[in-house]
Amino acid sequence: MSPSNEPVVLHEFHPKNMPFRRLGASGLRVPVFSLGGWLTLGGSVVGDPVKEIIKTAFDAGINMFDTAEVYSAGKSELEMGRVIKELGLRRTDLVITTKIFWGTRKGPNDGGLSRKHIIEGTKESLKRLGMDYVDVIFAHRPDNTVPMEEIVRAFNWVIDQGWAFYWATSEWSAREIEEAFHVAEKLNLAGPIAEQCQHHMFHRERPEKEYDPLYRKYGLGTTTWSSLASGLLTGKYNDGIPEGSRFATTAMFKNTVESLQTEEGKEKIRKVKELTKLAADELQTTPAALALAWVAKNPNTSTVILGASTAEQLRDNLKAVEVLPRLTPEILEKIEGILKNKPSPPVVLAASICTKGGKAVISRQFRDMTRARIESLLASFPKVIPANTQHTSVETSDVRYVYQPLEDLYILLITNKASNILQDIDTLHLFARVVSDLCRSADEREILKNSFELLGAFDEIVSMGYRENVNLLQVRNVLEMESHEEKIQEIIARNKEAEAKEELKRRAKQLEMQRREQQRRAAGTGGSSYLSSGNSMYSPVPRFEAPETPVPITRTTSTAAARPPAFKGTGMKLGGKKTKQAELIDALGGDVAARVATSDISVPPTPSASSQPQSSAAPKHDGRGSLPEVQTESVHIAIKESISLSLLRDGGVESMELKGDMNLQISDAALAHLRIALSSPPTDFGGNALQFKQHPNVAKFAPGQERVVALKDPARAFPVGQTLTVLKWRYAGTDESNVPLSINCWPSPSNDGTCEVSIEYELENENVTLYDVIISIPLPTGSYPTVSSHTGEWSLDPGLHSLAWSIPRISATDETRSGSMIFTVGGDDASAFFPVQVTFVGQGSLAGVVVASVSKVEGEDVPAFSVDAVVSTEEYLVV
């Protein structure tokens with residue numbers, strides 16, 4: 001298949017004014033209008049006219065060419081490959097697509113989507129095209145005789161061989177495409193990126209309604225064909241069938257010609273005439289250009305495949321490029337007024353839980369329907385369920401039932417027949433999850449017990465008959481009637497209560513100290529007789545969790561002390577025994593009691609440190625933070641570093657910059673003549689990318705020798721009483737081995753609308769100890785985390801709606817070197833948890849700049865010097 005010689009490029013590609021779009025969720029960009037070979041290239045058009053048509057398309061900015069093994073029994077691929085080679089088009093400039101299904105022969109394995117035909121058919125197509133690969137290989141039709149796993153694996157094998165970059169489908173139903181995606185996801189293989197479907201003004205149901213859930217769920221692209229309805233929308237058939245036209249000469253359009261004689265066909269001709277007038281009056285263009293631009297205007301259309309039998313016809317059709325931006329909402333509304341065939345939106349008529357006999361347990365209708373009508377539909381439901389089948393839906397002449405067994409009951413949706421079956425099944429599954437979430441069992445009594453909550457959930461999922469974009473977690477939050485503001489108020493209330501308890505303990509301790517003081521004074525002035533009096537004027541204050549056990553006082557002369565208690569044992573006491581806390585509140589009076597009972601505004605509003613939400617996800621450290629203080633000596637060396645780092649969530653470094661400087665401060669003039677020797681760094685941080693810059697009066701480092709900071713002129717002295725920057729350094733690069741603190745944030749979405757997030761850190765640089773580390777993870781809007789395990793502490797930041805994970809200290813010498821946190825939160829968008837922000841202040845030097853010794857120039861060591869090495873963050877992100 002490989003050409004023996006590299007082809008000579010004769011024509012360079014230029015997109016001109018042709019818009020380009022991504023093909024589905026892939027990174028492949030395709031022109032809004034492309035060229036196809038069905039019925040024309042290799043069929044009705046052969047030889048030099050094919051070359052003229054393809055060159056006209058290429059010169060107009062079209063670089064995508066579509067064909068299939070079945071087009072003209074393989075001659076379309078032969079002609080297209082020949083012309084591309086003769087025109088000298090660069091292969092990498094082109095997007096070539098072909099399709100596999102029908103085959104070119106009649107053998108039992110020469111068609112369909114068996115692994116054998118997919119692989120052998122692809123090889124034969126490449127041979128006819130004279131190419132090593134195509135960009136996209138399509139499954140031309142579905143094949144219900146072949147397991148979907150075999151189809152998905154075969155197309156992925158073709159991709160793995162380098163014969164194609166992507167695979168796609170053509171004229172598959174939404175259910176079949178959904179199955180392909182499901183199988184591909186289960187096998188960790190590539191699913192289809194696009195569907196090649198018929199789409200024009202008179203054929204809208206499948207591309208605009210049936211595929212709609214696939215656009216939203218998988219980002220499916222479309223490459224549309226027959227956008228002119230086989231020429232009907234060009235207006236050439238407005239006054240009959242012209243001689244020599246496709247309808248007059250091609251037998252395959254016989255049924256189409258006959259249908260135009262019916263009332264429905266005549267109505268289509270009437271609409272085309274109105275569209276022709278609209279195109280001329282409003283846009284000064286042809287009806288063909290209007291029809292093509294209308295399909296391209298659809299946001300889910302990736303490319304519109306054009307067919308042309310002459311270069312002139314192609315140029316006329318490409319006028320649609322100029323019409324496309326002129327299709328304003330007003331023009332589109334006028335077109336809809338002419339067509340009157342916009343697909344009706346899916347409508348859920350009712351949601352019910354019923355018995356297997358069709359009797360309603362609970363039911364909610366979402367459209368105006370009488371109770372008798374609902375009961376009639378439910379009573380008819382058991383009669384239309386097919387026996388011994390695995391289907392989950394059944395249709396009558398009026399409605400569609402979508403159902404799921406629920407032990408001895410059915411959960412049932414009644415929809416109109418225009419509804420989207422995939423969306424209906426998805427809605428039904430959400431209803432079922434709500435039932436299992438709210439009810440401990442699926443029996444009738446439990447359903448009735450929770451009927452109010454179930455009907456409320458049904459209303460949240462479906463509104464006025466239309467499905468809302470909600471998941472189980474959002475429904476649960478609504479039923480709990482909780483809001484962001486309520487949660488914040490609860491946190492504040494708890495903090496106030498905690499402060500009130502702390503105040504209570506403080507007052508209790510104060511009163512205990514006063515009592516002790518009174519006892520001490522009494523013991524010193526009145527002797528033991530004062531304390532031994534049974535009628536003493538002093539009444540001990542009840543204690544509340546006193547921090548210390550008071551020294552027991554021995555009563556030496558009291559007769560009351562020897563008297564036995566009036567009651568033995570524990571009799572019944574009306575009202576019960578007061579707790580120590582209640583006794584203390586009574587003793588302290590109404591002020592403290594009121595504060596504890598109501599936590600009113602007299603309580604200071606500052607939350608406690610352990611539970612206070614951080615005011616910012618990335619707070620700026622004020623000064624040293626929690627770094628240990630350094631006692632300043634006569635020779636003081638301050639090393640300061642700041643780091644800006646952006647890590648990629650999938651691994652690697654996007655950008656990293658480290659800046660540092662060494663400042664020298666001498667307070668004793670006798671020590672001004674000195675030299676500073678630096679230790680050899682334990683690790684080669686930055687390598688050659690770490691650049692040093694000395695003060696103009698400081699000698700540069702000698703290569704291969706000890707790093708020494710000293711003046712160039714040994715006779716001179718460093719300034720005394722002022723700070724001098726003697727050395728600076730800088731590193732900029734993307735070497736991951738230089739990252740001081742690695743962060744791994746791993747969100748794992750689950751099927752219930754929640755996401756488990758595992759985040760871990762590890763200190764990679766052993767030269768530093770980090771303090772006040774805060775790792776801030778954004779949270780999805782409206783969701784709150786459930787933390788299952790963590791090291792350090794965590795809190796919520798209500799301002800930025802993020803989780804702030806705090807680690808007081810991280811050291812390479814103990815178990816704090818690494819840590820992790822796992823939490824679950826509502827939402828299934830993994831990107832919502834980025835960027836992760838990190839702040840810290842550290843002790844040490846990331847670059848390994850460490851002072852080994854300080855000595856006088858004469859060689860005598862300085863008796864005492866101090867070093868304060870601090871590293872801080874300017875920006876530390878995981879994006």
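Source: prediction; values computed, not measured. Sequence positions, counted from 1, serve as the residue numbers for this chain.
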query = Got a sec, which residues hit side-chain contact (heavy atoms from CB on, under 4.5 Å) with Ser789, two or more places apart in sequence or on another chain?
reply =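 So Ser789 forms a side-chain contact (heavy atoms from CB on, under 4.5 Å) with Ile822.
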inquiry  = If we count only N and O atoms by modelled type, under 3.5 Å, do the side chains of Gln196 and Ser170 hold a donor and an acceptor together?
reply    =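 Absent: no donor and acceptor within the cut-off.
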task = Go through the structure and list residues passing side chain to side chain donor-acceptor pair (under 3.5 Å) with Arg204, not counting sequence neighbours.
result = Glu208, Glu336, Asn341
message = Other residues, nucleotides and ligands only: do more than 12 of their heavy atoms fall within 6.0 Å of NZ on Lys356?
response =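 Yes - once you tally the heavy atoms of other residues, nucleotides and ligands closer than 6.0 Å, there are more than 12.
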ask   = Is atom CG of Asn188 surrounded by more than 12 heavy atoms (other residues, nucleotides or ligands) closer than 6.0 Å?
value =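 For Asn188, atom CG is not crowded (no more than 12 foreign heavy atoms under 6.0 Å).
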message = Given 3.5 Å as the limit, does a donor-acceptor pair link the side chain of Asp212 with the main chain of Lys209, or not?
response = no
query = Is a side-chain donor or acceptor of Asp828 paired with a backbone partner of Pro749 at a separation under 3.5 angstrom?
reply =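 No; zero donor-acceptor contacts below 3.5 Å.
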Would you please name every residue forming a ring-ring contact (aromatic ring centres under 6.0 Å, His included) with [X], sequence neighbours left out?
X      : result
His203 : His200
Trp746 : none
Phe13  : Phe58
Phe181 : Tyr218

Which pair of heavy atoms, one from [X] and one from [Y], lies closest together, and at what distance?
X      : Y      : value
Gly827 : Cys755 : O-CB, 3.0 Å
Ala139 : Leu113 : CB-CD1, 3.9 Å
Ser173 : Tyr211 : C-CE2, 4.2 Å
Pro780 : Gly826 : CG-O, 3.3 Å

Residue pairs, two or more places apart or on separate chains, that pass ring-ring contact (aromatic ring centres under 6.0 Å, His included) and touch residues 407-438 =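 ring-ring contact (aromatic ring centres under 6.0 Å, His included) check on residues 407-438 returns Phe381-Tyr410, Tyr403-Tyr410, Phe431-Phe458.
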Salt bridge (Lys or Arg N to Asp or Glu O under 4.0 Å) partners for [X], two or more places apart:
X      : result
Asp398 : none
Arg364 : Asp459
Glu210 : Arg206

Salt bridge check, [Y] against [X]: does any charged N sit closer than 4.0 Å to a carboxylate O?
X      : Y      : result
Glu120 : Arg115 : no
Arg433 : Asp437 : no
Asp424 : Arg400 : yes
Glu178 : Lys217 : yes

ask   = Taking the six-membered ring of Tyr133, is NZ or CZ of Arg91 closer than 6.0 Å to its centre and within 45° of its axis?
value = yes
Can you give each donor-acceptor pair under 3.5 Å made by side-chain atoms of residues 291-298, sequence neighbours left out, with the distance rounded to 0.1 Å?
unit_1	atom_1	unit_2	atom_2	d
Asn298	OD1	Asn300	N	2.8

task = Take Ser125 and Glu69 through the test side chain to side chain donor-acceptor pair (under 3.5 Å) and record every step on the way to the result.
result = CA-CA 6 Å; Ser125 286; Glu69 62 175 356; 4.6 Å; no
If you measure from [atom1] on [X] to [atom2] on [Y], what distance do you get to the nearest 0.5 Å?
X      : Y      : atom1 : atom2 : answer
Lys123 : Gln161 : NZ    : CD    : 9.5 Å
Leu327 : Leu332 : CG    : CG    : 5.5 Å
Ile100 : Ile119 : CD1   : CD1   : 11.0 Å

Just wondering, do [Y] and [X] contact through their side chains at under 4.5 Å, heavy atoms?
X      : Y      : answer
Leu89  : Leu94  : yes
Thr427 : Val462 : yes
Ile84  : Ile96  : yes

Please list every donor-acceptor pair under 3.5 Å in which a side-chain atom of residues 23-31 meets a protein atom from a residue at least two apart or in another chain.
unit_1	atom_1	unit_2	atom_2	d
Ser26	OG	Leu23	O	2.7
Ser26	OG	Leu28	N	3.3

inquiry  = Test side chain to side chain donor-acceptor pair (under 3.5 Å) on Ser34 and Thr303; report intermediate values, then the result.
reply    = CA-CA 6 Å; Ser34 50; Thr303 184; 3.0 Å; yes
ask   = Does the ring pair (Phe, Tyr, Trp, His ring centres under 6.0 Å) test come out yes or no for His801 and Tyr784, once each step is laid out?
value = CA-CA 9 Å; His801 194 59; Tyr784 296 88; 5.2 Å; yes
task = Decide side chain to side chain donor-acceptor pair (under 3.5 Å) for Ser72 and Ser76; before the verdict, give the C-alpha distance in whole Å, the side-chain angles of both, and the deciding distance to 0.1 Å.
result = CA-CA 6 Å; Ser72 302; Ser76 176; 5.9 Å; no
task = Decide if the gap between the ring center of Trp157 and the ring center of Trp167 is smaller than 6.0 angstrom.
result = no
Geometric class of the His140/Trp102 ring pair [parallel <30°, tilted 30-60°, perpendicular >60°] =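 Ring orientation of Trp102 relative to His140: perpendicular.
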